[in-house]
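Reviewing the structure listed below.
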Amino acid sequence: MNHIELAEKYGAHNYHPLPIVISKAEGVWVWDTDNNRFLDMLSSYSALNQGHRHPKIIAAMKEQLDRVTLTSRAFHNDQMGEFMKILCEISQMDKALLMNSGAEAVETAIKAARKWGYKVKGVEADKAEIIVCENNFHGRTTTIVGFSSEEQYRADFGPFTPGFRTIPYGDADALAAAINPNTVGFLFEPIQGEGGILMPPTGFISEARRICSENRVLLMADEIQTGLGRTGKMFACEHENIKPDILIIGKALGGGLYPVSAILASQEVMDLFHPGDHGSTFGGNPLACACGKAALNVLLDEKLPERAAELGEYFISRLRSIDSRHVKEVRGKGLLIGLEIDEASGVARPFCEALSQRGILAKETHQQTIRFAPPLVITREEVDWAVEQIQAVLL
Ligand SMILES: *Cc1c(COP(=O)(O)O)cnc(C)c1O
């Protein structure tokens with residue numbers, strides 16, 4: 001059996017991958033088992049902002065592998081403090097709590113907001129509510145899929161956790177109207193990546209900030225996909241000069257080498273966690289912290305947010321200049337770009353398959369939209385090459 005047949009036979013079919021078997025990678029490029037080269041325009045859903053196998057992150061991890069990899073939080077380790085210090089400095093938040101996956105960080109944020117609601121805001125026991133948005137994607141745990149508006153994410157996985165209310169994405173009036181005395185948080189994505197690269201109206205984040213502050217509700221930004229340079233700022237909330245109360249990050253925090261996630265919050269919120277309230281065996285392990293520290297330093301040293309801003313603007317303008325009846329819209333910020341295929345031309349998947357024939361790996365989100373989100377280390381020449389291929393497929 002070949003690799004695909006083995007995966008089909010022995011693995012759960014919870015994904016529908018393109019029929020490409022990747023066996024090595026470097027920077028923005030990956031190679032399949034026949035040594036065909038592809039430009040990675042998905043970047044593992046933005047977990048590879050620093051590019052595949054960045055040498056500095058590899059070096060930091062190798063060094064750590066030779067010293068100590070796991071201590072559990074029953075003891076201190078000599079990597080965690082420094083990592084959290086850098087995290088707090090770049091986000092201008094007070095404190096961090098380290099987890100592994102994005103979904104775990106979102107769950108951590110939900111616990112933090114609820115606890116703040118009971119202990120600080122004075123919400124009656126078990127009455128806390130968190131407002132979420134239509135088309136959200138916050139992960140796959142049972143609590144999180146319970147407040148998804150995507151039928152397939154929920155179907156047959158209930159019963160679900162109560163305490164969530166849904167509003168249309170980007171609708172500040174709906175947010176204000178949904179708040180009641182039991183509301184403890186508003187959980188949102190600055191741009192909805194999995195939802196199809198959906199952008200809220202300009203000013204929505206600052207409106208949400210104002211509404212949340214006025215009503216003593218925590219603004220909880222899920223920047224797992226938009227954060228760490230992807231949209232042309234270190235965090236997408238910075239486009240509106242907003243600081244959330246809880247910032248949730250993951251994906252590129254591990255530099256594409258290791259799962260690392262975190263929430264960042266004010267001292268008031270974070271100090272509500274006491275020993276035993278919450279935890280994770282691998283969260284904050286020294287290998288993860290060495291990796292995360294190097295991943296952040298690469299973003300800073302190589303000015304990857306600035307690079308995403310510049311090349312993203314260029315890429316979007318070049319995509320918009322493609323004259324094709326198949327294209328309904330090109331939208332995005334930085335290097336998080338969606339190209340929506342007109343429904344009259346069918347769904348996006350055949351276009352993704354055609355792109356892979358021309359050496360570009362891109363994946364559709366939500367039937368109609370192709371996401372272009374290359375590693376932020378991509379060069380202008382590589383963007384030009386990609387646009388040529390995209391243009392050819394859209395003719
Ligand atoms: C990917 C993602 C998650 C979930 O992260 P996992 O590491 O897959 O659990 C949560 N929120 C957003 C916005 C994401 O893009």
Side-chain angles (χ1 to χ4, degrees), residues 12 14-15 17 41-49 97-113 130 132-150 152-154 157 164 166 169-170 185-200 205 208 219-231 233-237 239 244 246-264 280 282-283 288 291-292 295 308 332-338 363-366 369 371-373 375-376:
N14 58 327
Y15 280 88
M41 279 279 177
L42 180 63
S43 306
S44 295
Y45 313 96
S46 298
L48 287 157
N49 289 0
L97 202 171
L98 302 176
M99 288 282 131
N100 310 283
S101 70
E104 264 183 319
V106 172
E107 292 273 356
T108 303
I110 291 168
K111 285 168 103 171
I130 293 174
V132 299
C133 300
E134 276 169 20
N135 304 312
N136 70 68
F137 183 83
H138 297 290
R140 298 292 202 159
T141 64
T142 44
T143 287
I144 292 171
V145 297
F147 58 79
S148 171
S149 57
E150 190 64 36
Q152 195 198 352
Y153 295 173
R154 301 163 51 90
F157 295 133
F164 298 94
T166 307
Y169 183 58
F186 171 51
L187 174 64
F188 77 106
E189 300 152 84
I191 294 174
Q192 290 184 324
E194 298 316 297
I197 323 293
L198 303 179
M199 326 236 301
I205 300 175
L219 185 69
M220 307 161 70
D222 179 347
E223 294 234 27
I224 292 169
Q225 186 156 163
T226 55
L228 304 175
R230 174 55 56 187
T231 71
K233 299 271 187 194
M234 188 57 88
F235 300 104
C237 286
H239 288 291
I246 300 181
L247 175 63
I248 309 163
I249 52 176
K251 292 204 166 117
L253 190 54
L257 272 78
Y258 198 81
V260 187
S261 71
I263 71 163
L264 291 138
S280 159
F282 281 85
C291 172
K333 220 175 215 157
L335 284 168
L336 184 56
I337 302 167
K363 188 95 166 62
E364 77 279 12
T365 93
H366 277 251
T369 303
R371 169 172 26 200
F372 294 116
L376 309 184

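Positions are given from 1, in the same order as the sequence printed here. For ligands, and for the atoms within them, numbers begin at 1 and follow the listed sequence. Here the structure is a predicted model, which is why all the values come from computation and not from measurement.
- Ring pair Phe137/Tyr153 is perpendicular by interplanar angle, where above 60° counts as perpendicular and below 30° as parallel.
- Using a 4.5 Å heavy-atom cutoff, the side chains of Ile205 and His239 are not in contact.
- Looking at heavy atoms from C-beta onward, Leu335 lies in side-chain contact with Arg230 at the 4.5 angstrom threshold.
- Within ligand 1, the atoms closer than 4.0 Å to a non-hydrogen atom of His138 are 10 (C), 11 (N), numbered from 1 in the order shown.
- With a 4.0 Å cut-off on non-hydrogen atoms, Phe137 touches ligand 1 through its backbone as well as its side chain.
- Gly102 CA, 3.3 Å is the protein heavy atom nearest to atom 5 (O) of ligand 1.
- Remark: ligand 1 and Ala103 share an N or O pair separated by less than 3.5 Å (distance only, no angle test).
- Within the 4.5 Å cutoff, no side-chain heavy atoms of Lys251 are placed close to those of Leu228.
- Nearest to atom 11 (N) of ligand 1 among the protein's heavy atoms is Asp222 OD2, 2.7 Å.
- Contact annotation for Lys251 and ligand 1: only side-chain heavy atoms (C-beta onward) come within less than 4.0 Å of the ligand.
- Judged purely by atom type and a 3.5 angstrom limit, Ser149 uses its side chain to pair as donor or acceptor with the backbone of Asn135.
- For atom 8 (O) of ligand 1, the nearest protein heavy atom is 4.0 Å or more away.
- Which parts of ligand 1 touch Gln225 is read off a 4.0 Å heavy-atom cut-off, strictly below it: atoms 15 (O).
- Nearest heavy-atom pair, Ala308 versus Gly229, reported as atom, atom and distance to 0.1 Å: CB-O, 3.2 Å.
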